[in-house]
Amino acid sequence: LIESFHNADLEGVEGIVLNPAAYTHTSIALADAVAAIDIPVVEVHISNVYARESFRKDSYISKYARGIIAGFGVEGYRLAIDYFLRS
């Protein structure tokens, strides 16, 4: 996954929709990879992480993401793609 971010940066990708799942609150390496690229990233969560266990509210990714979409189910992916299409 980290290598994919670095490759995307080199290949001219214009935006990334990322559901980091459990890596959200466990992977500093993934956060570092997002921070290292010049591509805007929208963090997507199917569930409302803020209504779940307290540890899920802490994201290593969020401070590097352009935005966060949570709690809209799989519709969150479409919302993130729409953001990039309208930007």
Side-chain angles (χ1 to χ4, degrees):
L1 189 55
I2 292 167
E3 186 176 332
S4 295
F5 288 157
H6 294 295
N7 289 339
D9 206 24
L10 297 172
E11 295 169 3
V13 171
E14 295 182 23
I16 295 174
V17 175
L18 172 65
N19 181 339
Y23 292 127
T24 303
H25 43 268
T26 61
S27 182
I28 294 169
L30 187 58
D32 287 347
V34 172
I37 60 175
D38 291 325
I39 303 168
V41 173
V42 173
E43 182 179 346
V44 174
H45 298 282
I46 294 171
S47 67
N48 179 354
V49 294
Y50 303 102
R52 297 183 62 191
E53 302 90 345
S54 62
F55 72 90
R56 296 189 189 276
K57 296 174 183 138
D58 297 322
S59 171
Y60 288 116
I61 311 298
S62 294
K63 67 180 171 181
Y64 305 113
R66 179 66 53 93
I68 304 161
I69 299 170
F72 290 95
V74 295
E75 179 71 7
Y77 296 111
R78 188 189 64 75
L79 294 169
I81 291 168
D82 282 351
Y83 165 77
F84 287 120
L85 292 175
R86 296 171 193 259
S87 297

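Sequence positions, counted from 1, serve as the residue numbers for this chain. No hydrogens, no waters, no symmetry mates; every other heavy atom, side chains included, goes into these values.
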| query | Got a second to check how far His45's NE2 is from Ser59's OG, nearest 0.5 Å? | reply | 5.5 Å
| Whether over 12 other heavy atoms sit under 6.0 Å from Glu11 CD | yes
| query | Do Leu79 and Leu18 belong to the same hydrophobic cluster, where Ile, Leu, Val, Met, Phe, Trp and Tyr are linked whenever their side-chain heavy atoms lie under 4.5 Å apart, directly or via other members? | reply | no
| query | Are Ile81 and Ile16 connected in a single hydrophobic cluster, I mean Ile/Leu/Val/Met/Phe/Trp/Tyr linked by side-chain heavy atoms less than 4.5 Å apart? | reply | no
| Straight-line distance of Ser47 OG to Phe72 CZ, nearest 0.5 Å | 12.5 Å
| request: State, to 0.1 Å, how close Ala36 and Asp9 come at their nearest heavy-atom pair, and which atoms those are. | output: O-OD2, 4.3 Å
| message | Rounded at 0.5 Å granularity, tell me how far CD1 in Ile69 sits from CD in Glu43. | response | 10.0 Å
| For Val49, what are the other residues in its hydrophobic cluster, where any two members join if their side-chain heavy atoms are less than 4.5 angstrom apart? | Tyr50, Ile68
| request: Rounded to the nearest 0.5 Å, what's the gap from CD1 on Ile61 to CG on Asp32? Could you check? | output: 9.0 Å
| query | More than 12 heavy atoms of other residues, nucleotides or ligands under 6.0 Å from CD of Glu3: is that the case? | reply | no
| Can Leu1 be reached from Val34 by stepping across I, L, V, M, F, W or Y side chains whose heavy atoms are under 4.5 Å apart? | yes
Show me the side-chain donor-acceptor pairs of residues 20-28 shorter than 3.5 Å, one per line, residues at least two apart or across chains.
from  : atom 1 : to    : atom 2 : distance (Å)
Thr24 : OG1    : Ala21 : O      : 2.6
Thr26 : OG1    : Ala22 : O      : 2.8
Ser27 : OG     : Leu30 : N      : 2.9

| Single-linkage hydrophobic cluster Val13~Val17, side-chain heavy atoms < 4.5 angstrom | no
| field | Under the side-chain contact (heavy atoms from CB on, under 4.5 Å) test, residues paired with Ile46 that sit two or more places apart | value | Asn19, Val74, Tyr77
| query | Taking a hydrophobic cluster as the set of Ile, Leu, Val, Met, Phe, Trp and Tyr residues connected by side-chain heavy atoms closer than 4.5 Å, whether directly or through intermediates, do Tyr60 and Tyr64 fall within one such cluster? | reply | no
